[in-house]
Protein chains: 2
Amino acid sequence: MMKTKDYELLLERKGLKKTKVRIALIQHFMNMEHAQSYNDLQAALVSELDKSTLYRNLTSFEQAGIIHRINDHTGISKYAFGEPQIHGNEHAHFVCECCETVYCMEGLVPLQLNIPKGFKTNNVQTVIKGICAKC
Amino acid sequence: MMKTKDYELLLERKGLKKTKVRIALIQHFMNMEHAQSYNDLQAALVSELDKSTLYRNLTSFEQAGIIHRINDHTGISKYAFGEPQIHGNEHAHFVCECCETVYCMEGLVPLQLNIPKGFKTNNVQTVIKGICAKC
DNA sequence: TTCACAAATGCAACTTGGTTGCATTTAAAT
DNA sequence: ATTTAAATGCAACCAAGTTGCATTTGTGAA
Ligand SMILES: [Mn+2]
Ligand SMILES: [Mn+2]
Ligand SMILES: [Zn+2]
Ligand SMILES: [Zn+2]
């Protein structure tokens with residue numbers, strides 16, 4: 001008997017069918033430490049994959065909390081493994097202005113903002129631009 | 001003799017020609033307290049305006065520091081009067097999840113983030129999602 | 001194991017925010 | 001008034017993402 005793979009558990013728990021596309025996708029996300037764009041994914045997933053299938057799965061995964069979508073202010077969405085919320089706060093993202101890599105910054109202190117009266121804050125998203133350690 | 005209008009000064013100082021389109025645009029921005037999308041502008045500027053002309057002027061204005069472009073994570077750029085930097089830091093933006101209005105939050109304390117070793121921060125952009133005072 | 005059905009896939013056509021090339025017009029310097 | 005570079009308008013284009021629909025596939029019940 002072989003033990004159930006972690007990605008299988010993940011898909012099962014979310015009530016998503018275990019298809020070839022999804023298993024390839026989810027494994028790729030688990031191995032990648034940086035955020036991935038549609039093009040990154042298409043290039044990485046050897047067998048050419050239909051555009052709408054890929055986008056639909058990204059949406060499903062996002063809704064299921066398997067991945068999170070990142071807006072790095074380039075106009076192109078990036079996706080990374082895991083939920084966006086860590087202990088209730090959205091984590092920040094670092095965008096390297098040199099190599100374009102998008103990093104999830106898990107360990108940062110959440111910023112404290114005193115919003116004007118009458119405004120109710122639900123969620124704060126932070127994008128940090130700069131030069132990464134590799135560049 | 002009439003005194004020079006403030007928008008005239010602005011255009012002159014930046015070395016931009018004072019065209020009808022630009023004067024209409026710049027006046028509109030000065031009267032608007034909220035950020036404006038391409039569609040907002042097109043709807044507001046009575047005389048129908050060419051798409052590329054509008055976009056080109058938005059880019060010129062942005063480069064000249066007359067307006068700043070805001071990414072509110074909807075995928076549609078918004079523009080607001082003034083420079084993005086207040087005393088060296090980018091100001092935060094509040095996006096109402098109810099009425100979609102984007103507010104420039106000028107008075108917020110600059111946040112201190114301790115970025116991992118090797119990463120150099122150039123600029124921090126913050127988008128706050130919530131419910132505005134009017135909603 | 002087979003059957004039935006809902007959900008996932010693939011393909012093509014579409015939408016939308018934004019850009020580009022080029023001919024014509026216009027602001028402004030001389 | 002003349003000249004010239006920059007601004008405008010138009011059409012064609014581009015890329016990211018979405019949608020409708022016929023076909024295939026995973027899964028649970030028979
Ligand atoms: Mn992240
Ligand atoms: Mn602003
Ligand atoms: Zn880098
Ligand atoms: Zn509101």
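Labels below follow one simple rule: chain letters A, B, ... track the order of the sequence lines, proteins then strands, and each chain is numbered from 1. Note that these values count all heavy atoms, side chains included, but never hydrogens, waters or copies made by symmetry.
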Between B:Arg69 and A:Gly15, which residue's closest nucleotide on DNA chain C lies nearer the 5′ terminus?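 Taking each residue's closest nucleotide, the earlier one in sequence belongs to A:Gly15.
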Closest approach to the side chain of [X], judged atom by atom: which nucleotide of [options] is it?
{"X": "B:Lys17", "options": "C:dG17, D:dG26, D:dA6", "result": "D:dA6"}
{"X": "B:Asn57", "options": "C:dT9, D:dT8, C:dG17", "result": "D:dT8"}
{"X": "A:Asp50", "options": "D:dT25, C:dC11, D:dG9", "result": "C:dC11"}

Is [X] near enough to [N] that one of its side-chain N or O atoms lies under 4.0 angstrom from OP1 or OP2?
{"X": "B:Arg56", "N": "D:dA7", "result": "no"}
{"X": "A:Asn39", "N": "D:dA15", "result": "no"}
{"X": "A:Thr19", "N": "C:dA7", "result": "no"}
{"X": "A:Tyr55", "N": "D:dT18", "result": "no"}
{"X": "B:Thr53", "N": "D:dG9", "result": "yes"}
{"X": "A:Ser77", "N": "D:dG17", "result": "yes"}

Please check if the side chain of A:Gln42 supplies one atom and the backbone of A:Leu49 the other of a donor-acceptor pair under 3.5 Å.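 Side chain of A:Gln42 to backbone of A:Leu49, a donor-acceptor pair under 3.5 Å: yes, one is there.
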Any donor-acceptor N/O pair, A:Thr74 side chain to A:Ile76 backbone, under 3.5 Å: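 It does hold such a pair.
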Any non-hydrogen side-chain atom of A:His68 less than 4.5 Å from a side-chain atom of A:Glu83?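 A side-chain contact is absent here, since even the closest heavy-atom pair is not under 4.5 Å.
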Whole-Å distance separating the [atom1] atom of [X] from the [atom2] atom of [N]:
{"X": "A:Lys20", "N": "D:dT25", "atom1": "NZ", "atom2": "C1'", "answer": "10 Å"}
{"X": "A:Glu12", "N": "C:dA7", "atom1": "CD", "atom2": "C1'", "answer": "16 Å"}
{"X": "A:Leu58", "N": "C:dA8", "atom1": "CG", "atom2": "C1'", "answer": "14 Å"}
{"X": "A:Leu49", "N": "C:dA8", "atom1": "CG", "atom2": "C1'", "answer": "12 Å"}
{"X": "B:Ile76", "N": "D:dA16", "atom1": "CD1", "atom2": "C1'", "answer": "13 Å"}

What does B:Ser60 touch in the nucleic acid at a heavy-atom separation under 4.0 angstrom: a base, only the sugar-phosphate, or nothing?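 Answer is nothing: B:Ser60 stays at 4.0 Å or more from every strand.
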Base, sugar-phosphate, or nothing: which does B:Ser52 touch, judged by heavy atoms less than 4.0 Å apart?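 Base, at least one base atom sits under 4.0 Å.
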Distance-only donor-acceptor check, side chains B:Ser60 and B:Asn57, under 3.5 Å: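 No, no side-chain donor-acceptor pair sits under 3.5 Å.
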If you measure only the distance, is there a donor-acceptor pair under 3.5 Å linking the side chains of B:Gln125 and B:His93?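 B:Gln125 vs B:His93: no donor-acceptor pair found between side chains.
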Per the atom types in the model, does the base of C:dG10 pair as donor or acceptor with the side chain of A:Lys51 at under 3.5 Å?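 Not at all, since no donor on one side and acceptor on the other fall under 3.5 Å apart.
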